[in-house]
Amino acid sequence: MIEEQGLPAAADETRHHRTIKSFVMRAGRMTEGQQRGLDQGWPKYGLELADGLRDFDALFGRSAPRTFEIGFGMGHATLEMAANAPDQDFIGVEVHRPGVGALLNGALSQGLTNIRVYSCDALEVLRDCIADASLDRVLLFFPDPWHKSRHHKRRIVQPAFAELVRQKLKVGGVLHMATDWEHYAEHMLEVMNAAPGYRNLAEDGRFVPRPDERPVTKFERRGERLGHGVWDLKFQRID
């Protein structure tokens, strides 16, 4: 799960933001399947930040629509999207090792070839490993809302995040975000409406209906049973 943002919005903020990451590390207990995923799946699907800028056409062996997912959690939605769209390629980033192992194990079990995985700070991957104007979609589903006012500065969705994503999207590419915290949804909307180079794809200029291509997770179903709402936002790069 992605929890913080670490992009300097101005030169005088660089020193402060350099220590902020797009996540908070959590220890986790590995299941046998998750460990198998790490042991057997990482050599097949894993990528390293230290390798720098990558040629993903060469890596996947084709030129195809490409999705970058920030914080895939346990990987259930990622696996479903990749299985349902074999003609598209997916790059997922997650630091929670059991989640990485779970996704890798699922990819092995299903024989998927259109997934690659980083296990590090997603914002560093965007900056250092992804070419400008190369992504068709960037996904940010259910990031930590940091609901306390004093923690709002830790939210990943900030003006500098919007600009970094815009640089990496193709013109016409889409940033798709979802949250179950209404106040965070309003924050996302405010940030993105002010961000240059984007167009809100919602008909009413606010939120879009849940898109069919976003799988409904157990987490979301539980929230629906408890009466929680979910807000989806789609912003398209226009220049």
Side-chain angles (χ1 to χ4, degrees), residues 1-6 19-51 67-84 89-126 128-129 138-148 150-157 161 176-181 184 214-228 230:
M1 177 179 289
I2 296 299
E3 300 191 346
E4 300 179 358
Q5 66 89 25
T19 61
I20 298 176
K21 296 293 185 181
S22 67
F23 59 88
V24 168
M25 291 295 290
R26 289 196 182 98
R29 189 180 185 88
M30 288 281 182
T31 67
E32 184 176 333
Q34 290 163 1
Q35 191 61 55
R36 171 182 175 265
L38 290 173
D39 293 343
Q40 299 181 27
W42 187 259
K44 180 179 178 68
Y45 300 106
L47 301 174
E48 300 290 348
L49 178 67
D51 291 336
T67 293
F68 185 90
E69 184 177 10
I70 300 173
F72 56 72
M74 297 304 291
H76 303 304
T78 314
L79 289 169
E80 185 173 337
M81 289 187 293
N84 289 340
D89 294 331
F90 294 80
I91 304 162
V93 188
E94 176 60 59
V95 295
H96 185 55
R97 297 293 282 175
V100 174
L103 183 141
L104 294 173
N105 190 45
L108 286 172
S109 298
Q110 297 181 45
L112 300 177
T113 60
N114 59 337
I115 287 179
R116 295 295 184 274
V117 178
Y118 285 92
S119 182
C120 55
D121 179 13
L123 303 181
E124 290 186 302
V125 175
L126 271 178
D128 300 339
C129 305
V138 173
L139 308 181
L140 178 67
F141 295 159
F142 305 104
D144 194 303
W146 293 102
H147 55 276
K148 293 181 180 179
R150 68 178 184 273
H151 292 154
H152 286 182
K153 64 182 180 294
R154 298 181 179 180
R155 289 173 168 175
I156 187 172
V157 181
F161 168 79
H176 178 191
M177 300 180 289
T179 180
D180 61 336
W181 284 79
Y184 196 13
R214 180 174 68 75
V216 180
T217 63
K218 284 191 203 177
F219 167 79
E220 187 175 349
R221 290 192 188 96
R222 178 179 177 274
E224 288 175 347
R225 289 196 299 271
L226 296 173
H228 298 170
V230 173

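Looking only at side-chain heavy atoms (C-beta outward), Val230 and Arg214 come within less than 4.5 Å of each other. By the 4.5 Å heavy-atom criterion applied to side chains, Arg97 and Ser119 are counted as neighbours. Two residues are said to be in side-chain contact when any heavy atoms from C-beta on lie closer than 4.5 Å; Glu94 and Thr78 fail this criterion. For the pair Glu220 and Asp180, the minimum side-chain heavy-atom distance is 4.5 Å or more. Between Phe72 and Val100, some side-chain heavy-atom pair lies under the 4.5 Å cut-off. In this structure the side chain of Leu79 reaches within 4.5 angstrom of the side chain of Ile115, judged on heavy atoms. Two residues are said to be in side-chain contact when any heavy atoms from C-beta on lie closer than 4.5 Å; Ile156 and Leu123 meet this criterion. In this structure, Leu47 and Val125 have side chains that are not in contact, with every pair of non-hydrogen atoms separated by 4.5 Å or more.
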Q: Check the pair Met177, Val157 against side chain to side chain contact (heavy atoms under 4.5 Å, CB included), reporting the backbone distance first and the verdict last.
A: CA-CA 10 Å; Met177 300 180 289; Val157 181; 3.8 Å; yes
Q. Given Met74 and Gln34, is the side chain to side chain contact (heavy atoms under 4.5 Å, CB included) satisfied, shown in steps?
A. CA-CA 10 Å; Met74 297 304 291; Gln34 290 163 1; 3.4 Å; yes
Q: Apply side chain to side chain contact (heavy atoms under 4.5 Å, CB included) to Asp51 and Cys129, showing your working.
A: CA-CA 8 Å; Asp51 291 336; Cys129 305; over 6 Å; no
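Side-chain atoms of Tyr45 come within 3.5 Å of backbone atoms of Leu112 as a donor-acceptor pair (strictly under, hydrogens ignored). Proximity of a side-chain donor or acceptor of Asn105 to a complementary backbone N or O of Gly101 within less than 3.5 Å is not detected.
When all heavy atoms of Ile70 and Phe68 are compared, the closest pair comes out as CG1-CE2, 3.6 Å.
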